[in-house]
Amino acid sequence: MYNFQKIEAKWQEKWRQAEVFKTPKTDNRPKRYILDMFPYPSGSGLHVGHVESYTATDIYSRFSRGCGYRVLHPQGFDAFGLPAENYAIKTGTHPTETIKTAIAIFTKQIDSLGISYDWSHSVVTSEPDYYKFTQWFFLLMYKNGLAYKKKAKVNWCSNCQTVLAREQAEGGICERCGTAVIQKDLEQWFFKITDFIEDQEYEGRKISGLLSGLDSLDWPESTKAGQRHWIGRSSGAKVNFTLLTSDQSEFSVEVFTTRLDTIFGCTYLVLAPEHPLVEDLLGQAENSTAVKDYLKQVSKKTELERTDLNKDKTGVPIRGVSAINPFNHQKIPVFIADYVLANYGSGAVMAVPAHDERDYAFAQKYQLPIKTVIQPETGLDFDEGVFTADGLLLDSGEYTGLTSLLARQRMVDFLERTRQGGEQVNYRLRDWLVSRQRYWGAPIPIIYCDDCGAVPVPKKDLPVLLPEDVDFRPTGESPLKNSSSFHQVTCPLCGASARRESDTMDTFVCSSWYFLRYADPQNKTVFADPSKLKEWLPVDLYFGGAEHTVLHLLYARFFTKVLRKYGYLDFDEPFLRLRHQGIILGEDGNKMSKSKGNVVNPDSLTNLSGADALRLYEMFMGPLEEMKPWNSQGISGVSRFLDRVERIFDESPRSDDEEAVSFLQQTIKKVSADINNFKFNTAISALMIFVNYLYEAKNKKGEWPLANENLGKFLRLLEPFAPHLAEELWERLGYSSFLALSPWPEYQPELVKVETFILAVQINGKLRASLQAPIGLDQESALVLAKADPVVSKWLEGVEIVRQIYIPEKLLNLVTR
RNA sequence: GCCGCGGUGGCGGAAUUGGUAGACGCGCUGGACUUAAAAUCCAGUUGUGGCGACACAGUGCGGGUUCGAUUCCCGCCCGCGGCACCA
């Protein structure tokens, strides 16, 4: 086995000293910004998933440099956040320390893989130089009315005494202790992301919306679908119902429906327990005790209980109150039920049990009338029960007989005419809750003054530094409140004593703009100089895990659109091309986890087989984007391949052979195309096939069939995948320049000399012979050739050829009778 | 339930617009070299039948279109990922 330890250390040092991968200054070459999703620097170091992702972008970067692009290929660290804080709570070590150590480990590990990052363009989100601008972004949002404070329900773990981030309360259970999360009303900061769902124009600048902007992007379809679903646009109608109480007072309540065509089947109305009208109606209810009991019950429920689909729906009627259907003027009962969500639409729905499954279940339980008003267009054959599809209207007054589609249009017209409602679009997407009652994050730059109210921290006072001298153990309030030096300040406007906002920002805020900072990471005055942004942005290739399908990518797009709107950027989508890597499973087919003991450590592999072998193996395992299991024996295959490559360069005569040169050209074509399409597994396969061919030819000829110049071209193809060995062998060929900086070989079709091909002869679609034939063979000669074959002629005995299909250079199919 | 992705040898996987299914690699079997082992090299490796040339079957299942289907269409089954009372 070749001495990979020595070779890899040697070239890593040479690259570093010669600054081979330094980001180039502006010149007339086209640019390519190739970006990895930056990692969270955890104490356990790099795992094989990082290696997969970083190798993939490294291959593309090295390839791009060879192809004459100016390349920006940076890496940084997403250092704020709960894992570091929780680790700190557990061990008592300050997050600043653990992060510093972890970053050192990550950097060393990444360098030992030979990844061609330019570390001078790095960022660390927990450093004041960085979060100064995270705070600046907050102020930009605030100034433009895009950051606001309101009371909101947040996830609260009563055991840990803290608010949880949404991703920490998945399934309604606290990630840390397993306690069921409850909802608490607290004042929270929000970003108005919902303002950017649809296209808009501002001071002559067109900004595509979060929805339509997706259309032009080269992203995986699944990711686009995930974002569209999360935004959840649904168009329907708002309808006003009049509520009548026993003392003849009237209220109006708005409902949202996508199925206005079913309104003649509406047999009751439902309000969410949190609906503002509930309080007003409480006094009117004949059964106010029962209603109060129900409200109390609901408030005690955990999020988990409330969203459990397997549980029976619950609710309570408001007796003495009824609603009037604006279409048929029928009086219907009004319910409060927690299957209606307060924060979607208007928090009230018209219930049509015959045509909605949820309403049906509720109606059955409370024995409410079920009135069918839609029948399938195909007529007749429909059973009792719920029919949720569109169809023809039944029993619906003047609308009877219309299709659902037409009925919806006419009914909306009626609502608009009579001012009882109209068209309405709703979204599932809510505004982004960005405040966290946690220590390890960027402080929100707001000061509260008794006289002046909420006052933004003046720009000259940024960054608002995160104090290091606080007890960061969670108490239910932000730990920053414990630091009096931090908390007690004077008002920037009037100078009176005031207090600082003690919440920090969601780490997703920090990661929503880091890709802009890479263009100009040292800038002290602005987040990035406009000229630098123009030089590098938008990102040409963004690569990372599919777990960021929704949140991170949506937030980063939102930030970009805000910046575009206010003139800081000249583009409105940050990531033009996006690809995900598939998860690497453990050898047992399970997800890698410490508890399962199936975690593969990259360090042990670089020590055992070398970085080049590890890189090559991970790229050879299978399609990049697919989930695939680790196979510890698999790496020996690529190690063997590298050994075979190395032995070609042992002393031995070498001279160009026409056939080998031709094959090399075909390999150049194949490998280049595969890299462009991120099909690294087949690119490596092509390199292996070529090396196998060289050995075969040498066995026949007694010498290697390629001279040095062409062997150099082969090394250039190998370099993105196995850069250390490739550089070493390049040097052995006598070159003193860096292979990484030499141009990518151009495919020269005129050197491809292929004289024969294998003609597949089929009879009635079944393969009967594979014959060697000269290129350019015409159909007639192909038939002659085929007939001369004993197997073919046997099959043609006593039958008549009624049809021939000839695909030149490929196949001849004879159809017989 | 909805959305998205997938199902090919013992294993990971390969197959331009439909055109030789199983490339490449792992593993396995046999052989060469060696006192022996490792390493390396050579040969074989979808199944069934046959010494063999060959033949038949075969890309989750059932149909269809076609000279020809892993690829296209219809109807299912299974697995994975995401969302999940969004009216």
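Note on naming: letters A, B, ... go to the chains in the order of the sequence lines (proteins, then strands), and numbering restarts at 1 for each one.
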If I pick the [atom1] atom on [M] and the same atom on [N], what distance separates them, to the nearest angstrom?
| N | M | atom1 | value |
| --- | --- | --- | --- |
| B:U29 | B:G47 | P | 15 Å |
| B:C83 | B:A21 | C1' | 37 Å |
| B:G44 | B:A37 | P | 24 Å |
| B:G7 | B:A53 | P | 33 Å |
| B:G9 | B:U46 | C1' | 5 Å |
| B:G18 | B:A23 | P | 24 Å |
| B:U34 | B:C41 | C1' | 13 Å |
| B:C61 | B:G10 | P | 14 Å |

Report yes if a side-chain nitrogen or oxygen of [X] is closer than 4.0 Å to either non-bridging phosphate oxygen (OP1 or OP2) of [N]; otherwise report no.
| X | N | result |
| --- | --- | --- |
| A:Arg259 | B:A87 | no |
| A:Asn692 | B:A23 | no |
| A:Arg768 | B:G68 | no |
| A:Tyr344 | B:A87 | yes |
| A:Asn699 | B:C41 | no |
| A:Asn681 | B:A14 | yes |

Is it the case that [X] and [Y] place a side-chain donor and acceptor less than 3.5 Å from each other?
| X | Y | value |
| --- | --- | --- |
| A:Tyr294 | A:Thr314 | yes |
| A:Arg644 | A:Asn692 | yes |
| A:Ser781 | A:Asp778 | yes |
| A:Glu587 | A:Ser632 | yes |
| A:Asp356 | A:Thr388 | no |
| A:Tyr344 | A:Ser234 | yes |

In whole Å, I'd like the distance from the [atom1] atom of [X] to the [atom2] atom of [N].
| X | N | atom1 | atom2 | value |
| --- | --- | --- | --- | --- |
| A:Leu553 | B:G82 | CG | C1' | 14 Å |
| A:Gln666 | B:C24 | CD | C1' | 17 Å |
| A:Leu269 | B:A87 | CG | P | 17 Å |
| A:Leu214 | B:G4 | CG | C1' | 15 Å |

Nearest to the side chain of [X], which nucleotide is it out of [options]?
| X | options | answer |
| --- | --- | --- |
| A:Lys679 | B:G19, B:A15, B:G27 | B:A15 |
| A:Met688 | B:G13, B:C85, B:C24 | B:C24 |
| A:Ala225 | B:A15, B:G4, B:G13 | B:G4 |
| A:Arg647 | B:C24, B:A87, B:U40 | B:U40 |
| A:Trp795 | B:G19, B:C56, B:A15 | B:C56 |
| A:Arg428 | B:A57, B:A55, B:A84 | B:A84 |
| A:Ile689 | B:C85, B:C67, B:C24 | B:C24 |
| A:Ile807 | B:G19, B:G13, B:C67 | B:G19 |
| A:Thr682 | B:G19, B:A14, B:A87 | B:A14 |

So what does [X] touch, heavy atoms closer than 4.0 Å: a base, only the sugar-phosphate, or nothing?
| X | result |
| --- | --- |
| A:Arg430 | base |
| A:Asp359 | nothing |
| A:Arg640 | sugar-phosphate |
| A:Thr257 | sugar-phosphate |
| A:Asn631 | sugar-phosphate |
| A:Gln762 | base |
| A:Ser685 | base |
| A:Pro220 | nothing |
| A:Lys766 | sugar-phosphate |
| A:Val340 | base |
| A:Asn426 | nothing |
| A:Ser234 | sugar-phosphate |
| A:Met627 | sugar-phosphate |
| A:Arg644 | sugar-phosphate |

Within a 6.0 Å radius of atom [atom1] on [X], are there more than 12 heavy atoms belonging to other residues, nucleotides or ligands?
| X | atom1 | result |
| --- | --- | --- |
| A:Gln409 | CD | yes |
| A:Lys787 | NZ | no |
| A:Lys591 | NZ | no |

Self-check item: Watson-Crick and G-U pairing of RNA chain B, under 3.5 Å, as dot-bracket with | and [ ]
Solution: (((((((..(((......[....)))((((((.......))))))((((....))))..(((((..]....))))))))))))....

Quiz item: Syn or anti for B:G60, with syn set at within 90° of 0?
Solution: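 Anti for B:G60; the angle lies over 90° from 0.
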
Quiz item: Roughly how far, to the nearest 0.5 Å, is the CG atom of A:Leu269 from the CE atom of A:Met350?
Solution: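 Going from the CE atom of A:Met350 to the CG atom of A:Leu269 covers 9.5 Å.
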
Quiz item: So which one's nearest nucleotide on RNA chain B is more toward 5', A:Ala686 or A:Thr223?
Solution: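 The residue closer to the strand's 5' end, by nearest nucleotide, is A:Thr223.
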
Quiz prompt | Closest-nucleotide 5' rank along RNA chain B - winner of A:Leu811 and A:Val815 | solution =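 It is A:Leu811, whose closest nucleotide lies nearer the 5' terminus.
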
Quiz item: Out of A:Phe641, A:Phe721, A:Phe680, A:Trp630, which one pairs with A:Tyr617 under the ring-ring contact (aromatic ring centres under 6.0 Å, His included) rule?
Solution: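 Testing A:Tyr617 for a ring-ring contact (aromatic ring centres under 6.0 Å, His included) against A:Phe641, A:Phe721, A:Phe680, A:Trp630 leaves exactly one candidate, A:Trp630.
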
Quiz item: Do A:Trp704 and A:Tyr695 have ring centroids that are under 6.0 Å from one another?
Solution: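 Yes, the ring of A:Tyr695 comes within the 6.0 Å limit of the ring of A:Trp704, centre to centre.
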
